[in-house]
Amino acid sequence: MAYWLMKSEPDVFSIEHLRRKNVAGWDGVRNYQARNFLREMAVGDGLLFYHSGAEPSGVAGLAEVASAPSPDPTQFVRGHARFDPRSKREDPTWVQVEVRAKAKLARLVALAELKANPALAQMRVVQQGSRLSIQPVSASEWQEVLRMARATPKK
DNA sequence: GCCAACGTTGGC
DNA sequence: GCCAACGTTGGC
């Protein structure tokens, strides 16, 4: 069982959107490093749903991987914002997974809090210039973020 | 809105 | 294969 952090702009697709749909395809990834992480995912993996470009940005909820990786259909849709003319049907470049909403976090854990926690100093999302939209999360980081969500934030 | 970080593209 | 130019991400 692995853990991941997945970024989304809440104006585009938020944790609330996912809760309403319950299951959604995580499509549109067009970065090779992120795609390679998608390929490693397995059903049941834990997901930290991260809101980027938000006020505040941070871990907004929990989800889980609900399907094995499969070709991302949007890469073949001419006119779609994520259409990739170089991707071939017989050898798709991009993949997606289905994700399922999980129990709500007690509260949003803001990026500033993650950065202020020495236990998370190695966490990818707190590193400067960390733009990758899909990141691996260690078991201890996962536990720590869940613990923070249960605790009262420091002021 | 600014801009640092960093991935991608394309000329050479 | 190098690297400058360009585009995107995302915090602030």
Donor-acceptor pair, distance only, cut-off 3.5 Å: does the side chain of A/S87 make one with the backbone of A/P92? no

Contacts to DNA chain B from residues 73-90 of chain A, heavy-atom cutoff under 4.0 Å, which residues? A/R86

Pair A/R30, A/T74: side-chain N/O donor-acceptor within cut-off below 3.5 Å: yes

Along DNA chain C, first and last positions that approach a heavy atom of chain A under 4.0 Å: C/dG7 to C/dC12

Are A/S133 and A/M6 side-chain neighbours, meaning at least one heavy-atom pair lies under 4.5 Å? no

Under the side-chain hydrogen bond (donor to acceptor under 3.5 Å, both in side chains) rule, what do A/S52 and A/E9 come out as? Steps first, then yes or no, please. CA-CA 5 Å; A/S52 62; A/E9 295 183 38; 5.0 Å; no

Does A/Q127 have more than 12 heavy atoms from other residues, nucleotides or ligands lying within 6.0 Å of its CD? yes

Indicate yes or no: does A/D72 engage A/R35 in a salt bridge with an N to O separation below 4.0 Å. no

With salt bridge (charged side-chain N to carboxylate O under 4.0 Å, His left out) as the criterion, how do A/E113 and A/R107 come out once you've worked through the C-alpha distance, each side chain's angles and the decisive distance to 0.1 Å? CA-CA 12 Å; A/E113 293 178 65; A/R107 64 183 188 88; 2.9 Å; yes

Whether A/D45 side chain and A/A2 backbone form a donor-acceptor pair below 3.5 Å: yes

Quiz question: by atom type and distance under 3.5 Å, do the side chains of A/S130 and A/Q135 form a donor-acceptor pair? yes

Report which part of the nucleic acid A/Q128 touches: base, sugar-phosphate, or nothing (heavy-atom distance under 4.0 Å, all strands). sugar-phosphate

Looking at A/W4 versus A/F49, is the centre-to-centre ring distance below 6.0 Å? no

Give the angle between the helix axes at the two ends of the helix from B/dG1-C/dC12 to B/dC12-C/dG1, taking five base pairs at each end and rounding to 10°. 10°

